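To start, the structure itself, in structure tokens.
All values derive from a computational prediction rather than experimental measurement. Each chain gets a letter, A, B and so on, in the order the sequences are listed, and its residues count up from 1.
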Number of protein chains: 2
Amino acid sequence: MDKFTNENNINEQTYKDLDEETLFVVSQSFKALSDPTRIRILHLLFTKEFSVNEIAECLKLRQSTVSHQLRFLKNLRLVKYRREGTTLYYSHDDEHVINMLKQTIEHALHH
Amino acid sequence: MDKFTNENNINEQTYKDLDEETLFVVSQSFKALSDPTRIRILHLLFTKEFSVNEIAECLKLRQSTVSHQLRFLKNLRLVKYRREGTTLYYSHDDEHVINMLKQTIEHALHH
DNA sequence: TTAATATATGAGTATATTATCATATATATA
DNA sequence: TATATATATGATAATATACTCATATATTAA
């Protein structure tokens with residue numbers, strides 16, 4: 001087919017699907033915010049940094065549960081930490097994602 | 001304990017956890033956007049409405065896969081449809097969520 | 001070096017999610 | 001009414017996820 005005779009191409013809509021990497025990054029970002037435990041952890045970190053044990057205490061979660069979820073969030077670079085002795089203080093590290101979470105919580109609270 | 005003698009309450013931080021319903025609504029909203037197939041469907045619907053079969057064709061998905069995912073999205077009121085004969089045309093139905101998806105795709109594409 | 005404390009990790013289990021097949025339902029038309 | 005077409009649904013199987021326990025690692029102080 002050439003462009004002069006292919007009538008079917010006139011007004012043809014060619015849809016450009018999302019590429020695989022974008023799809024992966026986007027889905028992972030939202031997956032991070034799709035779990036109640038991770039939401040609670042990130043929500044706690046809205047105000048200030050907390051150690052792993054403090055998070056566990058505040059939210060009534062096992063230390064290992066918190067640690068596993070923090071690893072998940074750290075892999076996605078949604079949280080970071082600083083060390084002080086044996087204690088690691090975690091804080092949030094992605095303005096875009098944190099803002100989405102804040103907005104959606106507000107949205108949920110007022111609807 | 002009363003408020004005059006409880007020294008421990010001085011400067012105590014009382015953290016208010018998210019209530020269960022908010023947690024559920026927020027996690028469900030993000031869960032909708034955490035799956036590559038649902039992202040592709042919603043992304044396709046950015047521009048205009050599509051029938052179930054058109055979505056399946058465009059995205060190379062089975063009709064039943066599309067139908068199941070549309071039900072999921074419809075339950076969360078993220079899509080709506082109008083009927084024309086036996087054909088159902090689906091379109092997006094939640095500006096807030098769609099905007100989050102658009103923003104996050106942009107964010108992913110430019111980083 | 002030993003003990004104490006904070007955190008991370010591996011394995012196992014329970015549950016949730018997704019895609020698929022087969023089939024049911026609904027609408028339009030002959 | 002019978003048929004064709006579009007969509008929905010139920011059951012199943014494969015995979016992914018989240019929590020828990022037990023234990024490993026890392027840091028500090030005695």
Side-chain angles (χ1 to χ4, degrees), chain A residues 17-18 20 23-45 49-91 93, chain B residues 17-18 20 23-45 49-91 93:
Chain A
D17 200 2
L18 290 168
E20 213 170 308
L23 214 46
F24 180 75
V25 171
V26 172
S27 62
Q28 284 296 109
S29 300
F30 287 118
K31 189 165 294 175
L33 303 177
S34 72
D35 176 73
T37 300
R38 287 193 291 271
I39 293 174
R40 293 174 71 211
I41 292 174
L42 289 171
H43 180 248
L44 180 62
L45 298 182
E49 64 182 10
F50 284 88
S51 73
V52 178
N53 276 336
E54 286 171 342
I55 296 171
E57 266 188 78
C58 271
L59 304 182
K60 310 291 181 210
L61 295 168
R62 307 288 173 139
Q63 178 268 321
S64 64
T65 298
V66 174
S67 188
H68 278 301
Q69 295 294 11
L70 285 171
R71 179 168 58 174
F72 182 107
L73 295 170
K74 188 156 54 64
N75 286 342
L76 287 175
R77 297 175 194 283
L78 300 189
V79 300
K80 63 180 188 293
Y81 64 83
R82 69 179 180 83
R83 177 180 288 279
E84 200 168 287
T86 56
T87 303
L88 303 185
Y89 289 98
Y90 279 83
S91 54
D93 196 31
Chain B
D17 199 3
L18 291 168
E20 213 170 309
L23 213 46
F24 180 75
V25 171
V26 172
S27 62
Q28 284 295 108
S29 300
F30 287 118
K31 187 165 294 174
L33 302 177
S34 72
D35 175 74
T37 300
R38 286 192 291 270
I39 293 173
R40 294 174 71 211
I41 292 174
L42 289 171
H43 181 248
L44 181 62
L45 299 182
E49 63 181 13
F50 284 89
S51 73
V52 179
N53 276 337
E54 286 172 343
I55 296 171
E57 266 188 77
C58 270
L59 304 182
K60 310 292 179 208
L61 296 168
R62 306 289 173 141
Q63 178 268 322
S64 65
T65 298
V66 174
S67 188
H68 278 301
Q69 295 294 11
L70 285 173
R71 179 168 60 174
F72 182 107
L73 295 170
K74 190 157 51 67
N75 287 341
L76 287 176
R77 298 176 193 282
L78 300 189
V79 300
K80 62 180 188 296
Y81 65 83
R82 68 178 181 84
R83 178 181 286 280
E84 201 168 287
T86 56
T87 304
L88 303 184
Y89 289 98
Y90 279 83
S91 55
D93 196 31

Please report the distance, rounded to the nearest Å, between [atom1] in [X] and [atom2] in [N].
X: Leu73(A); N: dA18(D); atom1: CG; atom2: C1'; value: 13 Å
X: Phe72(B); N: dA8(D); atom1: CZ; atom2: P; value: 16 Å
X: Leu61(B); N: dA6(D); atom1: CG; atom2: C1'; value: 17 Å
X: Leu88(B); N: dT25(C); atom1: CG; atom2: P; value: 17 Å
X: Ile55(B); N: dA8(D); atom1: CD1; atom2: C1'; value: 14 Å
X: Arg71(A); N: dT17(D); atom1: CZ; atom2: P; value: 13 Å
X: Leu70(A); N: dA6(C); atom1: CG; atom2: C1'; value: 13 Å
X: Tyr81(B); N: dA6(D); atom1: OH; atom2: P; value: 17 Å

Review point. With a non-hydrogen cut-off below 4.0 angstrom, is Gln63(A) in contact with a base, only sugar-phosphate, or nothing?
Key: base
Practice item. Name the nucleic acid region contacted by Tyr90(B), choosing base, sugar-phosphate or nothing; use a 4.0 angstrom heavy-atom cut-off, strictly under. Key: sugar-phosphate
Practice item. Supply the atom-to-atom distance Gln63(B) CD to Thr65(B) OG1, rounded to the nearest 0.5 angstrom. Key: 8.5 Å
Practice item. Can you measure from NE2 (His68(A)) to CZ (Arg62(A)) and round to the nearest 0.5 angstrom? Key: 12.5 Å
Side chain of [X] only, please: which of [options] is the nearest?
X: Thr87(B); options: dT9(C), dA6(D), dT18(C); result: dA6(D)
X: Arg62(B); options: dC21(C), dA18(D), dT7(C); result: dC21(C)
X: Thr65(B); options: dA18(D), dA8(D), dT20(C); result: dT20(C)
X: Val52(B); options: dT7(C), dA19(C), dA8(D); result: dA8(D)
X: Lys31(B); options: dT18(C), dT17(D), dT17(C); result: dT17(C)

Practice item. Report yes if the side chains of Val79(A) and Leu42(A) come closer than 4.5 Å at any heavy-atom pair, otherwise no. Key: yes
**Study point:** Leu61(A) and Arg40(A), any side-chain heavy atoms less than 4.5 Å apart
**Key:** yes
Does the side chain of [X] get closer than 4.0 angstrom to OP1 or OP2 of [N] through an N or O atom?
X: Ser51(B); N: dA6(D); result: no
X: Arg38(B); N: dT18(C); result: yes
X: Asn53(A); N: dT7(C); result: yes

Exercise for review: Can you sort out the partners of Arg82(B) under side chain to side chain donor-acceptor pair (under 3.5 Å), two or more places apart, ordered by chain and number?
Suggested key: Glu49(B), Glu84(B)
Point to revise | Any-strand Watson-Crick or G-U partner of dT2(C), both distances under 3.5 Å | key: dA29(D)
Exercise for review: Tell whether Ser64(B) reaches the base of dC21(C) with its side chain through a donor-acceptor pair below 3.5 angstrom.
Suggested key: yes
Review point. Step by step, would you call Gln69(B) with Ile55(B) a side chain to side chain contact (heavy atoms under 4.5 Å, CB included)?
Key: CA-CA 11 Å; Gln69(B) 295 294 11; Ile55(B) 296 171; over 6 Å; no
Point to revise | Contact summary for Ser27(A) and Ser34(B), nearest pair of heavy atoms | key: CB-O, 3.4 Å
Review point. Using the ring of each side chain (for Trp, its six-membered ring), is Tyr81(A) parallel, tilted or perpendicular to Tyr90(A), with breaks at 30° and 60°?
Key: tilted
Check your understanding: Just by protein heavy atoms under 4.0 Å, how would nucleotides 24-30 of chain D read 5' to 3' in B, S and -?
Key -> ---BS--
Practice item. Determine if His68(B) stacks with dT9(D); use a centre-to-centre distance below 5.5 Å and an interplanar angle below 30° as the criteria. Key: yes
